[in-house]
> 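The structure that follows is given in the form of structure tokens.
Note that the numbering runs from 1 along the sequence shown for the chain. In this text the structure is predicted, and so the values were computed from the model without any measurement.
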Amino acid sequence: MKIAVCEDNNKERKALCEQIKTAMARQDVEAEIEEFGTAEELLKAAKKIFFSMFFLDFLLPEISGMDAALKLRREGNYSPVVFTTVTKDYLSQSFSSVWAVHYLLKPVEQEGVDEAFFRAIKVLEGAEKSLEIMVSRHFERIPYSDIYYIEGNNRNCIVHTRTGTYNPYESVQGMTEKLADSRFLRSHRSYVINLDHVIAVQRGKAVMRDDMLIPIRRGETELVRRAWEGLKDIRQDAR
């Protein structure tokens with residue numbers, strides 16, 4: 001598991017990382033912590049690395065922590081977010097817009113970090129699922145939230161994700177059976193789509209977050225549209 005800590009004040013960032021390490025030890029959790037001084041650096045890294053948890057300074061310069069969290073959500077990352085802040089003025093917005101799990105008022109105390117970390121772990125235990133596949137003689141675990149769609153390729157398939165593609169020796173049907181989750185839908189005999197990464201449903205096509213147009217079976221466009229809109233409503237209600 002990787003944890004991202006984004007704080008522009010170097011002294012405060014180092015202190016927070018030590019507090020998170022203490023919280024990890026108390027809850028017997030192992031993780032790597034990546035440090036970032038700006039939201040721009042964090043967002044760039046998040047395109048290549050899956051972070052299971054974020055600690056974000058709410059009032060970062062240029063791109064704020066709030067804007068960074070919104071961008072992460074739009075890109076399909078639903079990992080828990082904890083904000084650090086000097087004021088409570090904007091916190092109601094953070095909970096309703098990006099489903100933040102906790103906030104820490106500065107100066108940050110260890111007790112608050114312990115509580116925030118505990119809440120984030122509970123969210124991960126209940127929400128984050130992953131797909132295990134065999135690739136090049138070793139197993140890969142891909143978080144469901146990272147998967148855009150799966151494409152059939154004869155007897156094999158191609159798993160398209162936020163950070164690249166995987167080519168397991170497994171059929172689309174086999175993948176469909178593995179992905180027993182409401183966000184995944186078999187839109188076509190050769191495609192399984194993640195509804196969380198659909199940005200529009202057109203006639204006979206699903207428009208994906210990576211700009212790909214995925215075919216929908218003839219006569220089933222409205223079925224896919226209803227499933228997509230229904231899942232969006234559930235996500236909004238949960239937040």
Side-chain angles (χ1 to χ4, degrees), residues 42-52 63 67-79 81 96-99 127-136 140-239:
L42 167 65
L43 293 172
K44 183 177 180 180
K47 291 184 180 299
K48 298 180 180 179
I49 302 169
F50 179 76
F51 292 105
S52 298
I63 302 174
D67 287 340
L70 284 169
K71 185 171 179 59
L72 288 166
R73 294 296 190 244
R74 286 196 295 268
E75 291 178 350
N77 188 309
Y78 295 101
S79 296
V81 169
S96 62
S97 300
V98 300
W99 201 13
E128 187 57 55
K129 300 178 182 178
S130 60
L131 173 68
E132 187 174 272
I133 56 175
M134 176 71 80
V135 180
S136 300
E140 291 278 356
R141 295 181 68 87
I142 309 170
Y144 279 12
S145 56
D146 259 15
I147 301 171
Y148 284 165
Y149 59 93
I150 298 171
E151 176 185 4
N153 182 25
N154 296 321
R155 295 181 181 178
N156 298 11
C157 67
I158 304 171
V159 182
H160 296 260
T161 76
R162 280 192 320 117
T163 55
T165 59
Y166 298 85
N167 298 83
Y169 189 72
E170 192 156 359
S171 67
V172 169
Q173 179 60 36
M175 286 296 184
T176 303
E177 293 170 0
K178 277 188 174 183
L179 295 167
D181 188 285
S182 61
R183 79 192 86 174
F184 292 100
L185 181 68
R186 186 87 175 263
S187 67
H188 184 273
R189 64 182 179 83
S190 299
Y191 290 91
V192 176
I193 58 175
N194 185 342
L195 294 171
D196 275 346
H197 290 297
V198 174
I199 61 174
V201 177
Q202 301 173 349
R203 186 175 181 180
K205 303 285 183 182
V207 184
M208 306 304 294
R209 200 178 298 277
D210 62 352
D211 295 327
M212 287 297 295
L213 298 176
I214 304 301
I216 297 173
R217 292 186 190 92
R218 182 177 298 179
E220 294 189 6
T221 297
E222 285 307 309
L223 180 66
V224 173
R225 189 190 308 279
R226 286 196 297 271
W228 173 57
E229 292 177 346
L231 190 62
K232 283 199 303 179
D233 290 342
I234 292 171
R235 292 279 188 260
Q236 290 169 359
D237 290 343
R239 292 172 197 176

> Measuring only between side-chain heavy atoms, which start at C-beta, is Tyr149 closer than 4.5 Å to His197?
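The answer is no; the side chains never approach within 4.5 Å.
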> For the residue pair Ser52 and Ser79, what are the closest heavy atoms and their distance?
O-CB, 3.4 Å
> Is any side-chain heavy atom of Gln202 closer than 4.5 Å to a side-chain heavy atom of Val207?
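Heavy-atom side-chain distance check passes, below 4.5 Å.
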> Report the C-alpha separation of Phe50 and Asn77 in whole Å, then their side-chain angles, then the decisive distance to 0.1 Å, and conclude whether the side chain to side chain contact (heavy atoms under 4.5 Å, CB included) test is met.
CA-CA 8 Å; Phe50 179 76; Asn77 188 309; 3.8 Å; yes
> Flag the pair Val192 / Ser187 as yes when at least one side-chain heavy-atom distance between them is below 4.5 Å, and no otherwise.
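No, too far: nothing below the 4.5 Å cut-off.
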> Taking atom OH of Tyr166 and atom CD1 of Ile150, what is their separation to the nearest 0.5 Å?
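Between Tyr166 OH and Ile150 CD1, I get 12.5 Å after rounding to 0.5 Å.
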> Side chain of Arg73, backbone of Ala68: donor and acceptor closer than 3.5 Å?
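Between the backbone of Ala68 and the side chain of Arg73 there is no qualifying donor-acceptor contact (under 3.5 Å).
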> Applying ring pair (Phe, Tyr, Trp, His ring centres under 6.0 Å), can you list everything that pairs with Phe51, at least two apart in sequence or on another chain?
Phe36, Phe54
> Between atom CH2 of Trp228 and atom CG of Leu195, what is the distance when rounded to the nearest 0.5 Å?
9.5 Å
> Judged by atom type as modelled, is there a donor-acceptor pair below 3.5 Å linking the side chain of Thr221 to the main-chain atoms of Arg203?
no
> Does Asn167 have any side chain to side chain contact (heavy atoms under 4.5 Å, CB included) partners at least two apart in sequence or in another chain, and if so, which?
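Here the qualifying residues are Ile158, Thr165.
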> Could you pull out the closest heavy-atom pair between Ser171 and Gly174, with the gap in Å?
OG-N, 3.0 Å
> Is the distance between the ring centroids of His160 and Tyr148 under 6.0 Å?
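So the answer is no for these two rings.
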> Should Lys205 and Ile214 count as side-chain neighbours, where that means a heavy-atom distance under 4.5 Å?
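Of all side-chain heavy-atom pairs linking Ile214 with Lys205, none is under 4.5 Å.
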> Supply the atom-to-atom distance Ile193 CD1 to Met208 CE, rounded to the nearest 0.5 angstrom.
5.5 Å
> Do Val159 and Ile147 touch side chain to side chain, with heavy atoms closer than 4.5 Å?
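Sidechains of Ile147 and Val159: in contact.
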> List in chain and number order the residues that pass side chain to side chain donor-acceptor pair (under 3.5 Å) with Arg226, two or more places apart in sequence or in another chain; answer none if no residue qualifies.
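Scan of Arg226 (side chain to side chain donor-acceptor pair (under 3.5 Å), adjacent residues dropped) gives none.
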> Centroid separation under 6.0 Å, is that true for the rings of Tyr144 and Phe184?
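Yes, they do, as the ring centres are separated by less than 6.0 Å.
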> Just wondering, do Met134 and Pro168 contact through their side chains at under 4.5 Å, heavy atoms?
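No, every pair of side-chain atoms sits at 4.5 Å or beyond.
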> Where do Asp146 and Asn194 land on the side chain to side chain contact (heavy atoms under 4.5 Å, CB included) test, with the steps shown first?
CA-CA 9 Å; Asp146 259 15; Asn194 185 342; over 6 Å; no
> Enter the distance from Ser190:OG to Glu151:CD here, rounded to the nearest 0.5 Å.
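If I round to the nearest 0.5 Å, the distance is 8.0 Å.
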> Go through the structure and list residues passing salt bridge (Lys or Arg N to Asp or Glu O under 4.0 Å) with Lys178, not counting sequence neighbours.
Glu170
> What do the steps show when you test Val172 against Arg186 for side chain to side chain contact (heavy atoms under 4.5 Å, CB included), and what is the final call?
CA-CA 9 Å; Val172 169; Arg186 186 87 175 263; 3.4 Å; yes
> Minimum heavy-atom separation for Ala200 and Val198, please, with both atom names.
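Closest pair (atom of Ala200, atom of Val198, distance): O-CG1, 3.4 Å.
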> Sequence neighbours left out, what passes salt bridge (Lys or Arg N to Asp or Glu O under 4.0 Å) with Glu75? Give chain and number order.
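Residues passing salt bridge (Lys or Arg N to Asp or Glu O under 4.0 Å) with Glu75: Lys47, Lys71.
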> State which residues pass salt bridge (Lys or Arg N to Asp or Glu O under 4.0 Å) with Arg217; sequence neighbours excluded, sorted by chain then number.
Glu220
> When rounded to the nearest 0.5 angstrom, what is the spacing between CD1 in Ile63 and CG in Leu70?
12.0 Å
> For side chain to side chain contact (heavy atoms under 4.5 Å, CB included), just list the numbers for Val201 and Ile216, CA-CA rounded to whole Å, side-chain angles, deciding distance to a tenth of an Å, and then say yes or no.
CA-CA 9 Å; Val201 177; Ile216 297 173; 4.0 Å; yes
